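Structure first, commentary second.
Not measured: the values here are computed from a predicted model. As the structure lists them, so they are numbered: ligands from 1, and atoms in each ligand from 1.
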Amino acid sequence: MEVIREIHELKARQAVWNSPVGLVPTMGYLHEGHMALVRRARQETATVVVTIFVNPTQFGPSEDFERYPRAFGRDLDLLRSAGVDIVFAPPVSEMYPDPFSTWVEVEELGELFEGVSRPGHFRGVATVCNKLFNLVSADRAYFGQKDAQQVAIITKMVCDLNMKPDIVAITTVREPDGLAMSSRNAYLNPQQRAAAAVLFRALNTACQLYRDGCRDVAMVTRAIADIVHEEHLAELDYAAVVDPTSFEELDTLERPALAILAVRIGTTRLIDNMLLKE
Ligand code: PAF
């Protein structure tokens, strides 16, 4: 496994890469959710490139960029044992040379839900993914379905801008109590960690309502909110039932429907989602 820090080096190596090339973009502090993406990329592509880059432009000024967890040595060990070919881990100056002035924005979709709660977040995500797709010249790029709106935005960007990679979304990997794996789970103390299972309980209840024949969107979102409110350490940011591609709020459950929610536990913000109807 080669670890590359600089863009010119990455470009120089590409001539000898076998096709197809699979890209797994990450911000490091890897967990089983990331490793599921890596394993899928390993199965499907001849050269697997994993990027580790804590992207400053997707963090708001009062967000956790500085304290975002980092464990570079452990990440490399995990990636080496998973048979990854290339790790690209550039410094910020390599990705955003000064002055940097070109940005990618996915309108409408990028202005909903996470876009409201985290202004500028998706502009940073779309821009860095655009750069990584260009740099790696990936045939396929792998993302976790936990960040469903991110997947929808990247898919839309690739389609609108005629970009190369196929976007592959991988099922969310969960802890035994259902909490979706996320690097930010590391911020939770033991009480908060126990409380965080409320996201899964709420989504499961929504799915159960749907399976029991409920087609009333307001009833489903109210059930999610009620369950979150029962957990005194949790504060609901939003709960909604949306179209999985456009993230428009639905008023009927007769078409594909995704239940989404964002919850704050202490200073940690967690998101999750579950398909009610495929
Ligand atoms: O999902 C993430 O970890 C990040 O948003 C990504 C896709 C690596 C872009 O920085």
*Of all the atoms in ligand 1, which lie at a distance below 4.0 Å from a heavy atom belonging to Pro25?*
8 (C)
*Does Glu9 come within less than 4.0 Å of Arg13, counting only side-chain N to carboxylate O?*
yes
*Check: Arg70 side chain, Tyr68 main-chain N or O, donor-acceptor pair, under 3.5 Å*: yes
*Can an N or O of Asn55 be found at a distance shorter than 3.5 Å from an N or O of ligand 1?*
no
*By number and element, which atoms of ligand 1 are closer than 4.0 Å to a non-hydrogen atom of Phe143?*
7 (C)
_With a 4.0 Å cut-off on N to O distance, would you call Arg67 and Asp64 a salt bridge?_
no
*asked:* Using a plain distance cutoff, I'd like to know if Gln58 has any nitrogen or oxygen under 3.5 Å from a nitrogen or oxygen of ligand 1.
replied: yes
*asked:* Counting only heavy atoms closer than 4.0 Å, does ligand 1 sit against the backbone of Thr51, its side chain, both, or neither?
replied: neither
*Would you call the rings of Trp103 and Tyr96 parallel, tilted or perpendicular, where under 30° means parallel and over 60° means perpendicular?*
parallel
*Could you tell me whether Asp243 and Arg255 make a salt bridge, using a distance below 4.0 angstrom between a side-chain N and a carboxylate O?*
yes
*For ligand 1, which atoms, with element, lie under 4.0 Å from some heavy atom of Val128?*
9 (C), 10 (O)
*asked:* Which of the numbered atoms in ligand 1 are under 4.0 angstrom from any heavy atom belonging to Gln150?
replied: 1 (O), 2 (C), 4 (C), 5 (O), 7 (C)
_For atom 3 (O) of ligand 1, what's the nearest protein heavy-atom neighbour? Residue, atom name and distance, please._
Met27 CG, 3.7 Å
